[in-house]
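Just so you know, residue 1 is the first one in the sequence shown, and it goes up from there. Everything numeric in this text was worked out from a predicted model, so none of it was measured.
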Amino acid sequence: MGEGKTKPEIVYAAAYAACAGIAFVASRARGNPATSETAPFWLRIAFVCAAFAALRAVDAQMAVSDAFGEYYHSAGLSDWSRPGPYILIVVFLALAFAGAGLFLFRLRTLHRSVLWAAASIAALVVLALSHSLALYYPNMILQTQVGPATVSRIIEAILLATLAWSAWWFIRDAKARGAVAQEA
């Protein structure tokens, strides 16, 4: 890129790193026993975001996508003969089961920000996989230009903002509950 231009991969890597930092702070927020229970969740979110930051910084997604694409072409695989769609279906099913478990067992006791963060991180994983598995139609849609950005980058930005917002929401509520508990 030319002088004065920042590569989008670096911007998104920084956004993932910021989300990792905010999630790490959320993992340390202690307001009451209920907020302490969610510390491992936020710590896992922090690790996932840190890993995504590192992968985004080196543009690993494009390298993996190119490798899958070259393999598919060299093996003569197309459409549903590729393993990519099946892997994505398995990921969707796993996320659906995880979501169902969340709704059935813990939804009422968890802070609402946890639901938003879990949905955001799951959507980010699906977005990354849909790119990395070199799926033709999803990539065609996700790479459509909308002004200066692509559909994929707009979706990713919205999901990252939602993830950061939900972590800040959790931190704010944990601090408010801690202050109320200390006053009482």
Min side-chain heavy-atom separation [X]-[Y] under 4.5 Å:
X: Leu160; Y: Leu124; value: yes
X: Leu127; Y: Ile155; value: yes
X: Leu159; Y: Ile121; value: no
X: Trp169; Y: Trp116; value: yes

Going from [atom1] on [X] to [atom2] on [Y], what distance comes out if it is rounded to the nearest 0.5 angstrom?
X: Thr150; Y: Gln143; atom1: OG1; atom2: CD; result: 5.0 Å
X: Ser152; Y: Ile141; atom1: OG; atom2: CD1; result: 11.5 Å
X: Ser113; Y: Trp165; atom1: OG; atom2: CH2; result: 8.0 Å
X: Asp173; Y: Arg112; atom1: CG; atom2: CZ; result: 12.5 Å

Tracing side-chain contacts under 4.5 Å among Ile, Leu, Val, Met, Phe, Trp and Tyr outward from Val25 reaches Ile22, Trp168, Ile171
Tracing side-chain contacts under 4.5 Å among Ile, Leu, Val, Met, Phe, Trp and Tyr outward from Phe24 reaches Leu43, Phe47
Which atom of [X] lies closest to which atom of [Y], heavy atoms considered:
X: Ala57; Y: Ala13; answer: N-CB, 3.7 Å
X: Ala117; Y: Trp42; answer: CB-CH2, 3.5 Å
X: Ala50; Y: Ala20; answer: N-CB, 3.7 Å
X: Cys19; Y: Cys49; answer: CB-SG, 3.9 Å

Give the cluster check for [X] versus [Y]: same hydrophobic cluster or not, with ILVMFWY residues linked at side-chain heavy-atom distances below 4.5 Å.
X: Val146; Y: Leu142; answer: yes
X: Val48; Y: Val58; answer: no
X: Ile158; Y: Tyr16; answer: yes

In short, salt bridge (Lys or Arg N to Asp or Glu O under 4.0 Å) pairs touching residues 150-167 with sequence neighbours left out are Glu9-Arg153, Arg56-Glu156
